Amino acid sequence: MANISSIHIIFFLFFITSGIAVSATVFTLHNSCPYTVWPGTLSGNSITLGDGGFQLTPGASVQLTAPTGWSGRFWARTGCNFDSTGRGNCVTGDCGGVLKCRGGGVPPATLAEFTVGSANAGMDFYDVSLVDGYNVKMGIKPQGGSGNCRYAGCVEDINEICPNELRIIDPHTGVIAACKSACAAFNSPEFCCTGAHSSPQTCTPTNYSAMFKNACPSAYSYAYDDASSTFTCTGSNYLITFCP
Ligand SMILES: *[C@@H]1O[C@H](CO)[C@@H](O)[C@H](O)[C@H]1NC(C)=O
């Protein structure tokens, strides 16, 4: 009898610990850019990761742990200057002049978007989106996990090929800091998927979204881009690299 109880306890502990192992997702944010970035984080629910934002010097990594059901996004801010109280501004991705974001960043910014493990048998959904434009190369690499688990990212420098009418110029350096979406640049229904173009059937690719898609085939290029831009994986952690 004592043996059976012990076995039950061991199984019980096994299920408890394996439950903990799959119920949290670890995001490792790594800066491979030759310049400092200030990642911003925005949660779709009340759990804020990394205080909403922090500095990440070249070569540095930070790990953030999200509970099951977390959804949110990460992006890079560039060209930031913050004082000791965390007030200041960024050339791209700025979130209201604070280091610790309490809302999203100003477009254009490349986004890494996640929903981790609640519905659909614990599956995670993730994508890299250029729907709000582009500022920095980003990649999402699943670590472990089961299922499709493919690399998602935008590893081409879109700033280099950004047409004049979409460019954001860094006022301090004069270099192209980001590339606007056609929606942000022209604010018209066909680019923004609004009005008569508010469904997947009526909002089709444009020559601008095609430019983003050609450079970064695995990233979302406009609001109703095809499902090939969303990836799934189960029970994984994720390496998010800036300038992979
Ligand atoms: C898209 O088409 C418009 C209209 O023909 C043209 O003015 C614009 O330069 C094109 N943009 C790109 C990125 O090809």
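Whatever order the structure lists ligands and atoms in, that order sets their numbers, starting from 1. Basis for what follows: all heavy atoms, side chains included, without hydrogens, waters or symmetry-related copies. No experiment lies behind these values; they were computed from the predicted model shown.
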Problem - Interfacing atoms of ligand 1 (cut-off 4.0 Å, heavy-atom, Asn207) - result: 1 (C), 2 (O), 3 (C), 8 (C), 10 (C), 11 (N), 12 (C), 14 (O)

Practice task
Determine whether the side chains of Asp127 and Ser129 contain a donor N or O and an acceptor N or O closer than 3.5 Å.
Solution key: no

Practice task
Check for a donor-acceptor pair, side chain of Thr241 on one end and backbone N or O of Cys243 on the other, with a separation under 3.5 Å.
Solution key: no

Problem - atom 2 (O) of ligand 1 touched by protein heavy atom at under 4.0 Å - result: yes

Practice task
For atom 7 (O) of ligand 1, find the nearest protein heavy atom and state the residue, atom name and distance (0.1 Å precision).
Solution key: Tyr208 OH, 4.6 Å

Problem - Protein non-hydrogen atom below 4.0 angstrom of atom 5 (O) of ligand 1 present - result: no

Practice task
Give the ring-plane orientation class for Tyr208 versus Phe191, where under 30° counts as parallel, over 60° as perpendicular and anything between as tilted.
Solution key: perpendicular

Problem - Reference residue Phe231; test ring-ring contact (aromatic ring centres under 6.0 Å, His included); the match among Phe114, Tyr126, Tyr238 - result: Tyr126

